[in-house]
Amino acid sequence: MVREAAEEAGLDICPDDLRMCHVIHRHATDERVSFFFTADTWRGEPQNREPEKCSELAWFSINALPPNVIPYVLHAIEQVARGEPYSEFGW
C-alpha cells in the first residue's frame with residue numbers, strides 16, 4: 001500500500017499509519033482478493049500519476065461520488081461506510 005500510494009498518487013505514507021478497513025473476495029474474469037486501507041496522515045499532495053488508468057484524482061463526498069467509480073471499488077466504499085470488514089462481489 002505504501003509503494004502504491006507513492007507510485008500512483010505521489011503520497012508518502014508511514015506503514016504504521018495504515019489501517020486495513022475492508023477485504024473483498026471478488027470475481028470478474030478471474031478470482032481476486034482485494035484489501036482496502038485507510039490512513040489519517042500522509043505527506044504530499046495527491047496527484048494523478050497514472051492518467052492512462054485514472055481520469056481524475058480528487059476528494060469527493062461519499063454521497064456525491066462520480067458515476068465512473070469502478071464497480072467493485074464502489075461496493076467496497078459502501079461496505080466500509082456500513083462498518084463491514086468483509087464482502088464478496090461478482091459471484
Side-chain angles (χ1 to χ4, degrees):
M1 183 67 236
V2 170
R3 179 181 52 81
E4 290 295 312
E7 288 178 6
E8 297 178 13
L11 299 174
D12 181 21
I13 300 175
C14 176
D16 291 339
D17 291 332
L18 289 169
R19 289 178 315 283
M20 189 171 61
C21 61
H22 193 71
V23 177
I24 185 170
H25 185 200
R26 61 188 179 94
H27 185 270
T29 56
D30 56 0
E31 185 174 350
R32 303 251 172 139
V33 175
S34 297
F35 298 87
F36 292 80
F37 294 83
T38 62
D40 292 328
T41 60
W42 60 86
R43 287 193 307 260
E45 290 297 318
Q47 341 167 8
N48 185 0
R49 291 192 169 177
E50 294 187 336
E52 70 284 357
K53 295 181 180 178
C54 176
S55 62
E56 181 178 14
L57 185 60
W59 298 111
F60 293 92
S61 164
I62 197 165
N63 298 317
L65 295 172
N68 63 342
V69 175
I70 297 167
Y72 83 88
V73 173
L74 179 59
H75 172 81
I77 291 169
E78 293 167 346
Q79 298 303 307
V80 169
R82 291 185 187 122
E84 296 293 336
Y86 172 81
S87 67
E88 297 174 351
F89 184 83
W91 296 96

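The analysis underlying the following values was restricted to heavy atoms, covering all of them including side chains, and did not include hydrogens, waters or symmetry mates. This chain uses plain numbering: 1 for the first residue, then up along the sequence.
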Say you draw a straight line from OG of Ser34 to NE2 of His22; how long is it, rounded to the nearest 0.5 Å?
-> 9.5 Å

Can you give me every donor-acceptor pair (side chain of residues 55-64, partner residue at least two apart or in another chain, under 3.5 Å) with its distance?
residue: Ser55; atom: OG; partner: Asn68; partner atom: ND2; Å: 3.3
residue: Ser61; atom: OG; partner: Asn63; partner atom: N; Å: 3.1

Just jot down the side-chain hydrogen bond (donor to acceptor under 3.5 Å, both in side chains) partners of Glu50, sequence neighbours excluded, or say none.
-> none

Which residues satisfy the side-chain hydrogen bond (donor to acceptor under 3.5 Å, both in side chains) test with His25, sequence neighbours excluded?
-> Glu31

Shared hydrophobic cluster for [X] and [Y] (ILVMFWY, side-chain gaps under 4.5 Å):
{"X": "Met20", "Y": "Val2", "result": "yes"}
{"X": "Trp91", "Y": "Tyr86", "result": "no"}
{"X": "Phe37", "Y": "Val73", "result": "no"}

Can you sort out the partners of Cys21 under side-chain contact (heavy atoms from CB on, under 4.5 Å), two or more places apart, ordered by chain and number?
-> Phe36, Thr38, Val80

Return the set of residues passing side-chain contact (heavy atoms from CB on, under 4.5 Å) with Arg32 (not counting sequence neighbours), or none when no residue passes.
-> Arg26, Asp30

Report the residues that fulfil ring pair (Phe, Tyr, Trp, His ring centres under 6.0 Å) with Phe89, sequence neighbours left out, ordered by chain and then residue number.
-> His75

Return each pair, listed once, that meets salt bridge (charged side-chain N to carboxylate O under 4.0 Å, His left out) where at least one residue sits in residues 75-91; pairs must be two or more places apart or across chains.
-> none

Pairs of donor and acceptor atoms involving the side chains of residues 6-18, under 3.5 Å and at least two apart or interchain, shall be tabulated with distances.
residue: Glu7; atom: OE1; partner: Arg3; partner atom: NH1; Å: 3.4
residue: Glu7; atom: OE2; partner: Arg3; partner atom: NH1; Å: 3.4
residue: Asp12; atom: OD2; partner: Arg43; partner atom: NE; Å: 3.1
residue: Asp12; atom: OD2; partner: Arg43; partner atom: NH2; Å: 2.0
residue: Asp17; atom: OD2; partner: Thr41; partner atom: OG1; Å: 2.9

